[in-house]
There are 2 protein chains.
Amino acid sequence: MSKQDVYTHLADHGIKPSMQRVAIMDFLLRNRIHPTVDVIYSSLSAQYPTLSRMTVYNTLRLLVEQGAVQMLTIDDKQAHYDADITLHAHFRCNCCGAIYDVPAQLLSPVVSPHFEVHETQIYYRGLCTKCKQN
Amino acid sequence: MSKQDVYTHLADHGIKPSMQRVAIMDFLLRNRIHPTVDVIYSSLSAQYPTLSRMTVYNTLRLLVEQGAVQMLTIDDKQAHYDADITLHAHFRCNCCGAIYDVPAQLLSPVVSPHFEVHETQIYYRGLCTKCKQN
DNA sequence: TAAAAAATAATAATCATTATAAAAAATGAG
DNA sequence: CTCATTTTTTATAATGATTATTATTTTTTA
């Protein structure tokens, strides 16, 4: 995953690259931790001191609109973001808040002939290994 | 669905009945529209003028904790609530915001031997019939 | 190179939700 | 039944994620 790959990924989704967009997309591609806006902002602040939290919000909205990233609403407090847009489910630990990828069983895409489905999300919640032990 | 059924439903989940709790549970059982806190509060305000929005929040938290109601995070803006706790999925129209019940295909409950799954949610998003026509 | 457009940043505002504390209602012992 | 204790509800204020607004900077283009 080189910087060039990030440019390609953005271009594939019709997004013009800027320093900030590349940095945010790159962070999401390298850190598959389903970060929040604040995690992204805090992580990039050191390297990009002028970065604004607003730019993180704006960029993520753009990335989601263009289908380069998906937003997870598994956490009722704040949105999480995932650069992996292939079919998979998510597990969130109710104790530590960590979100894990889970292979998704294939679902019939036909919800109803009347509804036009654009997006499918499968969420599991419970306790992760670490938190079960404590 | 009589008032008595509401009392039974609450008792089955270890919840002591109060006028407010019965009213909120009753509303959820009769109105399968996946309402928000505000919809519930507004709908009951006429009949219960002293009802506080806080009581709606508190009661819903209790109902969810006791498993009498499930919270939906399909909408990133605000929580929606569903008295139907049987296995089913949800479809949300991105245009009008309405949330519909969708029969759920059975999912293997085994996410990972390491995770203890307490809850499963399946969300679809897209366009409903009405909004497709416009 | 200058004007126009796009993107970013700083600040303030919004709004769902939570925290806190006071008031009211229910419970229970004597 | 009555007073004290606990529980529930209510009112108010605070929090915090997100959005709106507007100024500034950067990029594009003529």
Side-chain angles (χ1 to χ4, degrees), chain A residues 6-7 10-11 13-27 34-66 68-81 92 94 97 99, chain B residues 6-7 10-11 13-27 34-66 68-81 92 94 97 99:
Chain A
V6 182
Y7 279 85
L10 290 177
H13 291 92
I15 299 167
K16 281 196 291 183
S18 70
M19 192 184 68
Q20 292 88 340
R21 290 172 180 178
V22 172
I24 292 168
M25 188 71 246
D26 183 59
F27 182 85
H34 316 96
T36 62
V37 165
D38 244 57
V39 167
I40 298 171
Y41 173 72
S42 304
S43 303
L44 295 178
S45 275
Q47 195 178 352
Y48 304 89
T50 68
L51 180 70
S52 158
R53 186 178 267 102
M54 267 316 300
T55 301
V56 181
Y57 274 105
N58 289 336
T59 302
L60 287 170
R61 180 160 41 73
L62 180 68
L63 292 171
V64 170
E65 276 170 9
Q66 299 299 112
V69 161
Q70 65 175 323
M71 180 198 286
L72 306 181
T73 61
I74 197 170
D75 178 353
D76 59 319
K77 305 297 177 205
Q78 65 216 104
H80 292 252
Y81 295 87
R92 178 174 185 274
N94 287 330
I99 297 173
Chain B
V6 181
Y7 278 86
L10 289 177
H13 291 91
I15 298 167
K16 281 197 291 183
S18 69
M19 191 184 67
Q20 294 85 343
R21 289 173 181 177
V22 172
I24 292 168
M25 189 70 247
D26 182 59
F27 182 85
H34 315 97
T36 61
V37 165
D38 244 58
V39 167
I40 298 170
Y41 173 72
S42 304
S43 304
L44 296 178
S45 276
Q47 196 178 352
Y48 303 90
T50 68
L51 181 69
S52 157
R53 186 178 268 102
M54 265 317 298
T55 301
V56 180
Y57 275 105
N58 289 338
T59 301
L60 287 170
R61 180 159 41 74
L62 180 68
L63 292 172
V64 170
E65 275 170 11
Q66 299 298 113
V69 160
Q70 64 175 326
M71 180 199 285
L72 307 181
T73 61
I74 196 170
D75 179 353
D76 59 318
K77 305 297 178 206
Q78 65 215 106
H80 292 251
Y81 295 88
R92 176 174 186 273
N94 286 330
I99 297 173

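Note on naming: letters A, B, ... go to the chains in the order of the sequence lines (proteins, then strands), and numbering restarts at 1 for each one.
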| Among dT9(D), dA9(C), dT18(D), which nucleotide sits nearest the side chain of Y57(A)? | dT18(D)
| query | At under 4.0 Å, does any side-chain N or O of S52(B) touch on OP1 or OP2 of dT9(D)? | reply | no
| query | Which heavy-atom pair separates H13(B) from Q66(B) by the least distance, and what is that distance? | reply | O-NE2, 3.0 Å
| said: Once rounded to the nearest 0.5 Å, what's the spacing between atom OG of S45(B) and atom CD1 of I40(B)? | reply: 11.5 Å
| message | Are there runs of at least three consecutive Watson-Crick or G-U pairs touching DNA chain D, with each pair's two distances under 3.5 angstrom? Give them by first number. | response | C:1-30 with D:1-30
| query | If the sugar-phosphate is the primed atoms plus P, OP1 and OP2 and the base is the rest, what is the B/S/- string for nucleotides 20-30 of chain D, using protein heavy atoms under 4.0 Å? | reply | B----------
| Between P of dA25(C) and CG of L51(B), the distance in whole Å | 14 Å
| What's the OH-P distance between Y48(A) and dT8(C), to the nearest Å? | 12 Å
| Side chain to side chain, T59(A) and M25(A), heavy atoms closer than 4.5 Å | no
| query | How close do P35(B) and V39(B) get, heavy atom to heavy atom, and via which atoms? | reply | CB-CG1, 3.7 Å
| Min side-chain heavy-atom separation R92(B)-D75(B) under 4.5 Å | yes
| So, the side chain of R21(B) versus the backbone of K16(B): is there a donor-acceptor pair under 3.5 Å, distance only? | yes
| query | Do you know the tightest heavy-atom contact between A68(B) and I15(B)? | reply | CB-CD1, 4.2 Å
| said: Please report the interatomic distance CD1(I74(B)) to CD1(I99(B)), rounded to the nearest 0.5 Å. | reply: 5.5 Å
| query | Would you say the side-chain atoms of H80(A) pair up with the backbone N or O of H34(A), donor to acceptor, closer than 3.5 Å? | reply | yes
| query | Which is true for S18(B) with a 4.0 Å heavy-atom rule: it touches a base, it touches only sugar-phosphate, or it touches nothing? | reply | sugar-phosphate
| task | Taking only the side-chain nitrogens and oxygens of R53(B), find out if one of them lies under 4.0 Å from OP1 or OP2 of dT10(D). | result | no
| query | Does a sphere of radius 6.0 Å around OH in Y7(B) hold more than 12 heavy atoms from other residues, nucleotides or ligands, not counting ones at 6.0 Å or beyond? | reply | no
| Strand-adjacent residues in residues 35-46 of chain A, judged by heavy atoms under 4.0 Å from DNA chain C | none
| Strand-adjacent residues in residues 70-80 of chain A, judged by heavy atoms under 4.0 Å from DNA chain D | K77(A), Q78(A), A79(A)
| request: Locate the shortest heavy-atom distance separating V22(A) from P17(A); write the atom from each residue and the value. | output: CG2-CB, 3.9 Å
| message | Using side-chain heavy atoms (C-beta onward) and a distance below 4.5 Å, is L63(B) in contact with L60(B)? | response | yes
Sub-3.5 Å pairs of nitrogen or oxygen atoms, protein against nucleotides 22-24 of chain C:
none

| task | Report yes if the side chains of T55(A) and Y41(A) come closer than 4.5 Å at any heavy-atom pair, otherwise no. | result | no
| message | Under 4.0 Å from OP1 or OP2 of dA25(C): is there any side-chain N or O of Q20(B) that close? | response | no
| Are OP1 or OP2 of dT8(C) and a side-chain N or O of R21(A) less than 4.0 angstrom apart? | yes
| Distance-only, no hydrogens or angles: does the T73(B) side chain make a donor-acceptor pair with backbone N or O of T73(A) under 3.5 Å? | yes
| message | Please find the pair of heavy atoms, one from A79(A) and one from M71(A), that lie closest to each other, and give the distance. | response | CB-CG, 3.9 Å
| said: Taking side chain to side chain donor-acceptor pair (under 3.5 Å) as the definition, give me every residue that meets it alongside D76(B), ordered by chain and number, with sequence neighbours left out. | reply: none
| field | Between C1' of dT18(D) and CZ of R61(A), the distance in whole Å | value | 11 Å
